Amino acid sequence: MKTSQTIAFLGGQWGDEGKGKIVDWAAQNSDICARATGGNNAGHTVIVKDKKYVFHLLPSAITHAKVQCLLGNGMVMDLFVLLKEINLLQDQGFTLDNLKISSQAHVILPFHKLIEHYKESNSSKKIGTTKRGIGPCYADKINRCGITVADLYDFQSLKQHLHTQYTDLKQALSNKYNLLPDEFDHDLIQMLPAQYHPPKDTNIVEHLTNLYMQIAIYLSKFIVCGISLLAKARSANKQVVLEGAQGLFLDIDHGTYPYVTSSNPSIGGMLTGLGIPKVDHTYSIIKAYTTRVGEGSFVCELGDYQKVKKESQLETITPEQIQDAHQKMLQSDDYQTGLYMRLKGKEYGATTGRPRRCGWLDGLMLKHCVTVNGPNIIITKLDVLSDIPELKICTSYVYKGAPINYQGQLLMNGSIIKEFPLNEKILSRCEPHTYETIEGFSGDISNSKSLQELPLSAQKYLQAIEQISGAKICVVSVGPERSQTINMQPESILLSKNMQVLPSNKHF
Ligand code: GDP
Ligand code: IMO
Ligand code: MG
């Protein structure tokens, strides 16, 4: 008999691991796909019949009409972005009858975006956020002065809320940043998409209240109680896929604080964000190398971040550019290897377009991921590593700096570190100490349908990942499309209607 299973797919690094691709693939035969945390800081890419979609809020299974897609309680949402995503899909013929929005999710207001805009532009200690208002919205939520989707339907208190936020913030920001009288209003309006700007001399609070009232009325057909939707699904033996956003190392509690996001992308966030008692299987998605967007230490980074920052966003990447980077990589330094990964892997932010910093896979990060999220992992973008002569996985760091007390021990200049230090000061003073080096593989592997079809050295690379991390690789992705996915458990087809508990067999 079919029993209900809840399966989570989480980012295992600093985001952009390919969660969108894997969730779209895995959810094909499921009944529900739910997002639990984060907001439109996420950018999840899905390719459906040669068409590319980038979802910031909508769950990545949304194009599967039979899969109900839930935006859960733990999320924060810019409703203008949500409307845009809904309209875009409706214009392409999707009915979106499968979209469900939890009434308890929080709403990102233009005020939140403005706070972040000023903070990131004026602070000497930038986080490098996506500037989508995520942190300030979660801050209001924790301060118990946020606004939920349900709150939008009490129009009187909605207006009061917007009025209070407007006047309080105007005073606070004007004082802090010496704003001229109209400057605040001008900047606030810029936080809205152009088509929603108020006509000249309109009262801004009135304008915002009207906008949110209209949006609330429009969205009402999608609003549900997320908790009971999932509870009923489990009682009815439905298959539930949970879509992580961001990644473990961006987790506010278990990541590289303060260079993190303001939610819990790790497994715990799934439970609190959705109000469910358990998850049956958890898969951390790991890119075959490491990338990071924004500030913060990155021990295994290839090349200098300041140089990467100066690179422009590339709209289209030509084969000639990749070839050129490949030639330079063979002659030159780490930066060129990182650049080759960036170009070949199209590592440019799906939300902000920023070039992603690239580096080798980090065994210390992998072990931390196994500890927090469990042992099952999915490797993506293996194809990007082809034609790199040698592949490396970091196995230890060396601390370089003044003695410092860390977790009751004195770290000295030259101390060897084998467990990922969750402390920015220490991380910023660490360098890679030992790497396991694996012979590279060449050629196009994106049509490989099984582990055995992969070049032997690619298999050895996967084997090294398992050995160093203690993880079990369950799926390998060799291209951005659904079909470019190698399921390592063919005997219990992952996420089929009759899915069974995955066996813990060894592949190697
Ligand atoms: P997410 O935020 O984790 O969903 O990841 P993004 O969508 O931001 O970035 C992943 C990028 O890699 C997207 O452009 C995907 O289409 C692409 N992608 C996913 N899996 C693979 C893969 O196995 N190989 C290649 N070459 N690209 C992939
Ligand atoms: P997906 O779901 C990569 C990063 C930002 C910044 C930090 C804080 O596509 O993997 P925030 O705007 O959340 O306050 O920014 O977190 N960040 C991401 N990096 N992928 C993401 O999402 C990210 N969401 C946030 O770049 O460093
Ligand atoms: Mg992304």
Side-chain angles (χ1 to χ4, degrees), residues 9-25 35 37-48 52-57 59-60 75-76 78 108 112-113 115-117 119-120 126-139 243-252 255-263 265 284-289 291-296 298 317 322 341-357 378-386 444-446 448 475-486:
F9 295 91
L10 309 173
Q13 293 155 311
W14 277 299
D16 303 326
E17 300 89 351
K19 296 175 291 292
K21 173 211 152 145
I22 294 295
V23 166
D24 165 66
W25 168 78
R35 263 193 65 183
T37 59
N40 46 294
N41 46 350
H44 294 182
T45 315
V46 172
I47 295 179
V48 185
K52 179 172 144 180
Y53 298 88
V54 179
F55 298 120
H56 301 286
L57 285 167
S60 294
M75 288 187 72
V76 290
D78 183 331
I108 299 176
H112 297 130
K113 287 171 71 181
I115 295 170
E116 188 168 329
H117 174 80
K119 204 169 169 201
E120 283 281 300
K126 290 186 190 13
I127 301 294
T129 71
T130 57
K131 294 197 181 158
R132 300 302 192 260
I134 305 294
C137 183
Y138 273 119
E243 176 174 3
Q246 288 75 54
L248 172 63
F249 290 82
L250 291 172
D251 190 288
I252 187 92
T256 47
Y257 189 89
Y259 298 103
V260 292
T261 191
S262 302
S263 63
S284 292
I285 303 175
I286 305 278
K287 206 178 279 193
Y289 45 99
T291 62
R292 177 166 207 177
V293 201
E295 306 299 313
F298 182 172
I317 297 163
I322 300 176
M341 289 176 179
R342 190 154 43 256
L343 291 169
K344 182 129 182 261
K346 299 192 177 72
E347 297 295 355
Y348 295 84
T351 298
T352 58
R354 289 176 287 179
R356 295 174 183 153
R357 305 158 69 184
I378 291 173
I379 297 293
T380 57
K381 304 190 89 160
L382 185 63
D383 53 303
V384 175
L385 293 184
S386 72
D444 180 5
I445 62 162
S446 63
S448 305
V475 176
V476 177
S477 171
V478 289
E481 295 179 23
R482 275 179 203 160
S483 59
Q484 294 169 315
T485 315
I486 302 174

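Whatever order the structure lists ligands and atoms in, that order sets their numbers, starting from 1. The structure presented is a predicted model; accordingly, all values stated were derived computationally and were not measured.
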Original post:
Is there a nitrogen or oxygen of Glu17 sitting under 3.5 Å from a nitrogen or oxygen of ligand 2?
Top reply: no
**OP:** Kindly determine whether Lys113 and Asp78 satisfy salt bridge (Lys or Arg N to Asp or Glu O under 4.0 Å), including the steps that lead there.
**Re:** CA-CA 10 Å; Lys113 287 171 71 181; Asp78 183 331; 3.7 Å; yes
Subject >> Lys131 N/O to ligand 2 N/O under 3.5 Å >> reply: no
**OP:** Please check if any side-chain donor atom of Glu116 sits under 3.5 Å from a side-chain acceptor atom of Thr129, or the reverse.
**Re:** yes
Subject >> Contacting atoms of ligand 1, where contact means under 4.0 angstrom from a heavy atom of Glu17 >> reply: 3 (O), 5 (O)
Subject >> Glu116 N/O under 3.5 Å from ligand 2 N/O >> reply: no
Original post:
Taking atom NZ of Lys344 as the centre, does the number of heavy atoms from other residues, nucleotides or ligands within less than 6.0 Å exceed 12?
Top reply: yes
Original post:
So which bit of Lys21 gets within less than 4.0 Å of ligand 1, heavy atoms only: side chain, backbone, both or neither?
Top reply: side chain
Original post:
Which distance, rounded to the nearest 0.5 Å, do you find between the CZ of Phe298 and the CZ of Arg356?
Top reply: 12.0 Å
**OP:** May I have the angle between Gly43 O and Asp16 OD1 with its vertex at the Mg ion (ligand 3), rounded to 10°?
**Re:** 160°
Original post:
By number and element, which atoms of ligand 1 are closer than 4.0 Å to a non-hydrogen atom of Gly479?
Top reply: 20 (N), 21 (C), 22 (C), 23 (O), 24 (N), 25 (C)
Original post:
So, does Thr352 sit close enough to ligand 2 that a heavy atom of it is under 4.0 Å from the ligand?
Top reply: no
Original post:
Closer than 4.0 angstrom: is that true for some heavy atom of Gly128 and an atom of ligand 2?
Top reply: yes
Original post:
Can you check whether Gly345's main-chain N or O pairs, donor with acceptor, with Lys381's side chain at less than 3.5 Å?
Top reply: yes
Subject >> Donor-acceptor pair, side chain of His44 and main chain of Phe55, under 3.5 angstrom >> reply: no
Original post:
Going by the atom numbers of ligand 1, which of them fall below 4.0 Å from some non-hydrogen atom of His44?
Top reply: 1 (P), 2 (O), 4 (O), 7 (O)
Original post:
So which protein heavy atom does atom 8 (C) of ligand 2 come closest to, and at what separation?
Top reply: Val260 O, 3.4 Å
Original post:
Can a non-hydrogen atom of Ser262 be found less than 4.0 Å from any atom of ligand 2?
Top reply: no
**OP:** For ligand 1, note which part of Lys287 has a heavy atom under 4.0 Å away: side chain, backbone, both or neither.
**Re:** neither
Original post:
Which of the atoms in ligand 1, numbered in the order shown and given with their element, are less than 4.0 Å from a heavy-atom of Gly20?
Top reply: 4 (O)
Original post:
Any idea which protein heavy atom is nearest atom 3 (C) of ligand 2, and the distance to it?
Top reply: Asp16 OD2, 3.2 Å
**OP:** Kindly say whether the aromatic ring centers of Trp14 and Tyr259 come within a distance under 6.0 Å.
**Re:** no
**OP:** Enumerate the atoms of ligand 1 whose separation from the nearest heavy atom of Ser477 is less than 4.0 angstrom.
**Re:** 20 (N), 21 (C), 22 (C), 23 (O)
Subject >> Identity of the nearest option to atom 9 (O) of ligand 1, non-hydrogen atoms only, from Lys52, Arg356, Gln13 >> reply: Arg356
**OP:** Kindly compute the distance separating CG (Leu382) from CD1 (Ile486), expressed to the nearest 0.5 Å.
**Re:** 7.5 Å
Original post:
Is Arg292 touching ligand 2 with its side chain, its backbone, both, or neither, if touching means heavy atoms under 4.0 Å apart?
Top reply: neither
Original post:
Looking at ligand 2, does Arg132 have a heavy atom less than 4.0 Å from it?
Top reply: no
Subject >> Approximate separation, where rounding is to 0.5 Å, of Ser477 OG and Ile285 CD1 >> reply: 9.0 Å
**OP:** Name the closest protein heavy atom to atom 26 (N) of ligand 1, giving the residue it belongs to and the distance to 0.1 Å.
**Re:** Asp383 OD2, 2.7 Å
Original post:
Nearest protein heavy atom to atom 12 (O) of ligand 1, by residue and atom, and its distance?
Top reply: Lys381 NZ, 2.9 Å
Original post:
Looking only at heavy atoms of Lys19, does any of them come nearer than 4.0 Å to an atom of ligand 2?
Top reply: yes
Original post:
Among the heavy atoms of Tyr259, does any lie under 4.0 Å from an atom of ligand 2?
Top reply: no
Original post:
Of the protein's non-hydrogen atoms, which lies at the shortest distance from atom 6 (P) of ligand 1, and what is that distance?
Top reply: Gly43 O, 3.5 Å
Subject >> Gly15, any N or O under 3.5 Å of ligand 2 N or O >> reply: no
**OP:** Report the C-alpha separation of Arg357 and Val293 in whole Å, then their side-chain angles, then the decisive distance to 0.1 Å, and conclude whether the side chain to side chain contact (heavy atoms under 4.5 Å, CB included) test is met.
**Re:** CA-CA 6 Å; Arg357 305 158 69 184; Val293 201; over 6 Å; no
Original post:
Where on Thr45 is there a heavy atom closer than 4.0 Å to ligand 1, on the side chain, on the backbone, on both, or on neither?
Top reply: both
**OP:** Between Val384 and ligand 1, find which residue part has any heavy-atom pair under 4.0 Å and reply side chain, backbone, both or neither.
**Re:** side chain
Original post:
So which heavy atom in the protein is nearest atom 2 (O) of ligand 2, and how far is it from that ligand atom?
Top reply: His44 NE2, 2.7 Å
Original post:
So which protein heavy atom does atom 10 (C) of ligand 1 come closest to, and at what separation?
Top reply: Asp16 O, 3.9 Å
Original post:
Going by the atom numbers of ligand 1, which of them fall below 4.0 Å from some non-hydrogen atom of Gly18?
Top reply: 1 (P), 3 (O), 4 (O), 5 (O)
Original post:
Are any of the side-chain nitrogens in Glu347 or Arg342 under 4.0 Å away from the carboxylate oxygens of its partner?
Top reply: no
Original post:
Above 12 or not: heavy atoms from other molecules or residues under 6.0 Å from NZ of Lys131?
Top reply: yes
Subject >> Chi angles and distances behind the salt bridge (Lys or Arg N to Asp or Glu O under 4.0 Å) call for Asp24, Arg482 >> reply: CA-CA 8 Å; Asp24 165 66; Arg482 275 179 203 160; 2.6 Å; yes
Original post:
Hey, is the Mg ion (ligand 3) within less than 2.8 Å of some N/O/S atom on Gly15?
Top reply: no
Original post:
Cut-off 3.5 Å, side chains only: do Arg132 and Thr130 have a donor facing an acceptor?
Top reply: no
Original post:
Which ligand 2 atoms does Thr129 reach within 4.0 Å, using its non-hydrogen atoms?
Top reply: 6 (C), 11 (P), 12 (O), 14 (O), 15 (O)
